[in-house]
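Written out below as structure tokens is the structure these notes cover.
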Amino acid sequence: MCPKVKDADMDIVALEQSVSSRLGNLYQKDVESLLPNGHRTASPSGLHPALRTHSSQPLHIPVHRQPKEEEFRTASLPTIPNPFPELCSPPNSPTFSSPHPPSTRDTHVITVFSEEGMRRSLGVRAAVTARDVCWQLVERHRCVDRDTWALVECHPDSALERCLEDHEMPVEVQSTWPVNSRNKFVFRKHYAKYEFFRNPRTFFPMHMLAGSLEADAGIPQAQLTQNFLNASSCPEIQGFLHLKEKGKKAWRRLYFFLRRSGFYYSTKGTSKEPRHLQYFADVNESNIYTVTSRKMHNSPTDHGFCVKGVAVTDKGLLCCEDEQSHKCWMTAFRLLKLGPQLCLNYQLSQQENAQKSWIEPAVGRGPETCLVPMDFSGCTGRVIENPSEASLVAEEEGLAWRKKGVQRHSLPSLCQDSGLSTAIHKSQPWFHGRISREEAHRLIVQHGHIDGVFLMRESQRTPKSFVLSLSHHHKTKHFLVAPCEEDGQMFFTMDTGQTRFNDLIQLVDFYQINRGALPCSLKHYCTRVAL
């Protein structure tokens, strides 16, 4: 071989070795990376495993190669959320989605208020339902009729409130409230919670059930309401409502339709044509609230409600013309949204009451057909089978009971200064002291406003008299209880002395059994519990 060719081969080999050594030193420096504590570290074996080649072998250099130091830093740095996800992130991005629900294992604190402003804090888990919270408070304070108690979500800033369903979770509802808001939970009796299952006739008037005057004219009203409660395709609710549009102070009177597909109103009278129907709200994605302040929203009547969506600002204010239509809209909205669940809640409450009544029989007066006349004048008791003898014994016992009642429970003259005897009714749960007519109506509405809801209060116009406020046919009626004197004995009466009572307790006991001069008997009293 020629010496010049040998020298050229040696130069090429030396050049390859030099290039390999320089590249090895370069990537050895790149392998030195930063640890989390800030110190540098190098690979113990010198070169990176991918770069461990002999100096005599050719080295393949990738065209698009990222230095190892940048790869390590990119993998170790935390992910920074995009501050503008709506501009470049998809809707299902983690930065765009709603916050995580509260953990079911952690203990959360909820504060429950009473009607008088007292409060009690409870430590509950996220899976605890409103029924569990109510029953815990009922057992703690020894309340009666625990299936009629409810947890009410109140929004004082917007004058809205709604009764939580038994299956709802207060912790989840509380997590949706804005920070530093004045929203709160109130522990209150609500007799109308499941009353539409027992007496649906009073909740759904015929003129508000669409189709009842046309195809279903021959079906009784009881069957129509039963179909509304149980069928998968329920009737349509229709009627006039006052609507307050966003950004406007005036209210518009429009014809609304409540269907399973949504809440609509007609832009042309009472037309049902699709081209005249305007979509208003989604039943499944909205909650319905009662408006508690007519003055705040400047509503035309006192029977307002609000359909509030998922968003805080997504709400529509509506107003009914009377209390009956207001109850119909509210109840129909609940049934369209949670019909099967409401039936399940009602069945669970009935089962709990049946178990409780079997374990602890309720103490009270039963129907007259369950009573058997007995005679205990002798050594042993005997059943009185003769009807005339039974009526005579009942009359004698009634006179004896009246004499005992006069001796034990009768009130002396109101002119006498006897604080204990004149205050005997003040310890009763149905007595609310000196409250106004408007306050009495508000309490009755809060307790469900069904037939038989009542309270007793002092009269503000007539001295030494009382007023019985009673709910009947969705209206609050007030009856004066005036004192009358006979033979030096003071009595109370509501029918100008025809029926007289020694005290208010005897009066309330009588009208709970007998209707008398009232439009209906006294069934449910308004009460307040001190938490």
Side-chain angles (χ1 to χ4, degrees), residues 112-120 122 128-152 163-166 170 185-199 345-367 370-371 409 423-433 435 440 442-457 468-471 503-515 518 520-531:
V112 182
F113 289 80
S114 66
E115 293 290 344
E116 298 178 350
M118 303 180 65
R119 62 181 180 180
R120 177 175 292 274
L122 303 174
V128 172
T129 61
R131 179 195 291 111
D132 300 332
V133 175
C134 290
W135 285 5
Q136 181 180 354
L137 295 174
V138 165
E139 295 295 334
R140 178 174 298 181
H141 300 284
R142 301 183 181 275
C143 304
V144 295
D145 300 332
R146 64 179 183 178
D147 60 322
T148 60
W149 290 92
L151 209 60
V152 182
C163 177
L164 294 186
E165 305 296 346
D166 285 345
F185 292 119
V186 177
F187 183 56
R188 179 190 302 164
K189 262 187 176 295
H190 190 69
Y191 295 106
K193 185 166 61 172
Y194 297 123
E195 184 65 20
F196 55 87
F197 286 111
R198 307 182 188 98
N199 190 15
N345 294 345
Y346 177 66
Q347 292 174 1
L348 290 177
S349 64
Q350 293 296 105
Q351 293 176 3
E352 292 290 338
N353 291 335
Q355 294 177 1
K356 186 177 180 181
S357 62
W358 180 77
I359 298 174
E360 300 177 0
V363 179
R365 299 184 180 90
C370 299
L371 302 179
H409 305 293
I424 187 174
H425 54 271
K426 294 184 179 179
S427 60
Q428 301 302 311
W430 39 258
F431 185 76
H432 291 261
I435 61 176
R442 187 185 67 84
L443 288 176
I444 290 178
V445 171
Q446 287 182 351
H447 283 72
H449 211 342
I450 61 176
D451 291 353
V453 177
F454 74 98
L455 61 87
M456 187 74 71
R457 58 186 176 91
L468 176 66
S469 300
L470 176 64
S471 173
D503 50 44
L504 296 181
I505 299 178
Q506 191 180 21
L507 183 145
V508 171
D509 289 343
F510 175 81
Y511 285 108
Q512 283 181 332
I513 304 174
N514 309 281
R515 189 183 71 175
L518 300 176
C520 64
S521 60
L522 308 181
K523 299 178 182 178
H524 315 289
Y525 57 83
C526 298
T527 183
R528 293 177 177 178
V529 176
L531 297 179

Heavy atoms of V144 and K189 approach each other most closely as O-NZ, 3.4 Å

Under 3.5 Å, is there a donor-acceptor pair between the side chain of H425 and the main chain of M456? no

Query raised in the report: Would you say Y194's side chain and T148's backbone share a donor-acceptor pair under 3.5 angstrom?
Result: no

Q | Intermediate values then yes/no, side chain to side chain contact (heavy atoms under 4.5 Å, CB included), L137 and C143 | A | CA-CA 8 Å; L137 295 174; C143 304; over 6 Å; no

CG (L504) and CG (D509) are apart, to the nearest 0.5 Å, by 11.0 Å

Note: G448 and A192 closest approach over all heavy atoms is O-CB, 3.6 Å

CD of Q350 to CD of Q347, rounded to nearest 0.5 Å, is 9.0 Å

Scanning both residues in full, the closest heavy-atom pair of C526 with V453 reads SG-CG1, 3.6 Å

Stepwise side chain to side chain contact (heavy atoms under 4.5 Å, CB included) check, V508 with F454:
CA-CA 10 Å; V508 171; F454 74 98; 4.0 Å; yes

Heavy atoms of T129 and P170 approach each other most closely as C-CD, 3.7 Å

Close side-chain approach of I505 and F431, heavy atoms under 4.5 Å:
no

Heavy-atom closest pair (V186 atom, V112 atom, distance to 0.1 Å) is C-CG1, 4.4 Å

Review point. How about L518 and L468: do any of their side-chain heavy atoms sit closer than 4.5 Å?
Key: yes

From the list H447, H449, K523, side chain to side chain donor-acceptor pair (under 3.5 Å) with S471 holds only for H449

R119, CZ: over 12 other non-hydrogen atoms inside 6.0 angstrom:
no

Would you mind checking if K193 and D166 are paired as a salt bridge, meaning a charged N to carboxylate O distance below 4.0 Å?
yes

Report task. I would like to know whether L455 and L443 meet side chain to side chain contact (heavy atoms under 4.5 Å, CB included); could you show each step before the answer? Result -> CA-CA 9 Å; L455 61 87; L443 288 176; 4.1 Å; yes

**Asked** Hey, does W149 have a side-chain heavy atom less than 4.5 Å from the side chain of V529?
**Response** yes

Worksheet entry | S521 side chain to I513 backbone, donor-acceptor under 3.5 Å | no

Rounded to the nearest 0.5 angstrom, the CG-CG distance for L151 and D132 is 11.0 Å

Would you say CZ of R142 has more than 12 non-hydrogen atoms from neighbouring residues, nucleotides or ligands within 6.0 angstrom?
no

Taking every heavy atom of A150 against every heavy atom of H190, the minimum-distance pair comes out as CB-CB, 4.1 Å

| message | Apply side chain to side chain contact (heavy atoms under 4.5 Å, CB included) to residues V138 and F187 and explain how you reach the verdict. | response | CA-CA 10 Å; V138 165; F187 183 56; 3.8 Å; yes

Using a 4.5 Å cut-off on heavy atoms from C-beta on, say whether the side chain of F113 contacts that of V152.
no

